[in-house]
Amino acid sequence: MAELGYEVIGVDADPDKAATLQAGRAPFYEPGLDDLLAPHIASGRLRFTTSAQEAAEFGDVHFVCVGTPQRKGEFAADTSYLDAAIDALAPHLTKPCLVVGKSTVPVGTASRLATRLAERAPVGEAAELAWNPEFLREGHAIEDTLRPDRLVVGIRSAAAEAKLREVYAPLIDAGVPFLTTDFATSELVKVSANAFLATKISFINAMAEVCEASGADVTQLAKALSFDPRIGGLFLNAGLGFGGGCLPKDIRAFMARAGELGVDQALTFLREVDAINMRRRFKLVDVAREACGGGFLGRRVAVLGAAFKPESDDIRDSPALNVAAQVQLQGGEVTVYDPKATDNARKMYPGLGYADSAFDAARGAHVVLHLTEWREFRAIDPAELGAVVAERHIIDGRNALDPAVWRAAGWTFRALGRP
Ligand code: UGA
């Protein structure tokens, strides 16, 4: 928003995060974000605080962007952070304003929050709610925000639409489609988009299972499918499947909400999508065990990658760390390396071994598992890595390495969905 020309206050309940941001650094890794923050903080156009009151008094438009994680032991989403954000902001809203929810929510949440907001704001219904789901991908957050595929806004009044058109004018003028809907539809656009993406990944991973049973190659299959414009080639990378803070919990929360609405049958297929996805992790462990001669005991296993995807330090529901933990549980001596996520991984999985480089992780290893497709792993020279391992076995969990190159350097190369 500062980049679009607005004066902005960012609020976080966590004083450490607010202080880090005020110092011009993002509290997580996102390519380009620090460079984007610094000039706007230096100019004073962007600042950070922990005071909801300060923000409430300052802003005409308030974006609420808090998380909606999966509830412990349940499929449903925990929307309590949204309630808390509205409760912190509302009592200080003494002039007409627009409060815009960006979080991914169970359908029906916006309507509930609109009532909550009006009840608690001194200006009552003049503090109006709108819903504007966020579609950015981690690792591409800046380009996805400044050049989104579309803007979707759930609104209840022409005034709210006009205000959001004004806010987003620089993007709309640049040709970004701007779609207005009711609250429920805007909430559903977000969860159905993520459900579709998860389904696409699990579809190709289901094909990978059939490829494994029949000797076919899922990467060639996906390539051939991709020429059909009705299918398209994006999100057809077979491998270890999806993780992160979004797709897994969003499909589960979507199923839970459909159940509450009495239409759980409409989304039973997402159970399969989830199951296919989790099976890939077990399959990788099976292939690794086989490469280790049938058991992990006394075997050293190098794990390349800890983040749930490259260009991120996010390890929430990371397939790579899930595999690393399973291998360790079965007796393997695991050493993990990730270009950016090692510190986060160490905090969450203190029992695993860690290294400061791919080569250090691989030293003395009996098998190398490539589980997050960082560019630096693709640049590894198989001959050089071969010189430090105990045995030349590599398993590509992301179908991102070139089997011919590794095999030519004397490695046994295995991948998911390929012979
Ligand atoms: C996802 C959506 O792509 C965003 O549009 C959405 O805004 C975001 O969730 C959200 O709800 O906030 P993100 O979780 O950052 O974004 O990452 P993705 O690029 O979707 O990747 C998710 C997972 O799928 C990763 O673990 C990735 O490795 C895996 N993946 C992706 C595959 O296994 N195969 C593919 O072909 C693509």
**Request:** Establish, for the pair Lys200 and Phe235, whether the NZ or CZ atom is under 6.0 angstrom from the six-membered ring centre and no further than 45 degrees off its axis.
**Result:** no
**Request:** Can you sort out the partners of Asn344 under side chain to side chain contact (heavy atoms under 4.5 Å, CB included), two or more places apart, ordered by chain and number?
**Result:** Asp313, Ile315, Lys347
**Message:** Restricting to side chain to side chain contact (heavy atoms under 4.5 Å, CB included), what partner residues turn up for Glu260, sequence neighbours left out?
**Reply:** Arg257
**Item:** Gln326-Asn322 side chain donor-acceptor pair, cut-off 3.5 Å
**Value:** yes
**Asked** Is there a side-chain contact between Thr68 and Lys249 (heavy atoms, below 4.5 Å)?
**Response** yes
**Request:** Is it possible for you to check whether Arg47 lies under 6.0 Å from the centre of the six-membered ring of Phe58, through NZ or CZ, and within 45° of that ring's axis?
**Result:** yes
**Asked** Can you name the salt bridge (charged side-chain N to carboxylate O under 4.0 Å, His left out) partners of Asp396, sequence neighbours left out?
**Response** none
**Request:** Report the relative orientation of the aromatic rings in Phe377 and His370; use parallel for angles under 30°, tilted for 30 to 60°, perpendicular for over 60°.
**Result:** perpendicular
**Item:** Ser80: side chain to side chain contact (heavy atoms under 4.5 Å, CB included) partners, not counting sequence neighbours
**Value:** Asp78
**Item:** Partner of Asp274 under side-chain contact (heavy atoms from CB on, under 4.5 Å), chosen from Met278, Arg271, Glu272
**Value:** Met278
**Prompt:** Would you say the side-chain atoms of Arg289 and Gln330 include a donor-acceptor pair closer than 3.5 Å?
**Reply:** yes
**Message:** Exactly one of Arg279, Arg280, Arg414 should register a salt bridge (Lys or Arg N to Asp or Glu O under 4.0 Å) with Glu212. Which one does?
**Reply:** Arg280
**Request:** Enter the distance from Ile204:CD1 to Leu236:CG here, rounded to the nearest 0.5 Å.
**Result:** 5.0 Å
**Donor-acceptor pair between Glu311 and His140 side chains, under 3.5 angstrom** = no
**Message:** I need the Asn205 CG to Ile276 CD1 distance, nearest 0.5 Å.
**Reply:** 8.0 Å
**Asked** So Trp406 and Trp411, would you call those rings parallel, tilted or perpendicular, with 30° and 60° as cut-offs?
**Response** perpendicular
Which atom pairs, donor and acceptor, lie under 3.5 Å between side-chain atoms of residues 187-194 and protein residues at least two apart or in another chain?
| from | atom 1 | to | atom 2 | distance (Å) |
| --- | --- | --- | --- | --- |
| Glu187 | OE1 | Gly108 | N | 2.9 |
| Glu187 | OE2 | Thr109 | N | 3.1 |
| Glu187 | OE2 | Ala110 | N | 2.6 |
| Lys190 | NZ | Thr104 | OG1 | 3.3 |
| Lys190 | NZ | Glu134 | O | 2.6 |
| Ser192 | OG | Leu188 | O | 2.6 |
| Ser192 | OG | Val189 | O | 3.3 |
| Asn194 | ND2 | Asp250 | OD2 | 2.7 |

**Message:** Applying side chain to side chain contact (heavy atoms under 4.5 Å, CB included), can you list everything that pairs with Thr115, at least two apart in sequence or on another chain?
**Reply:** Glu119
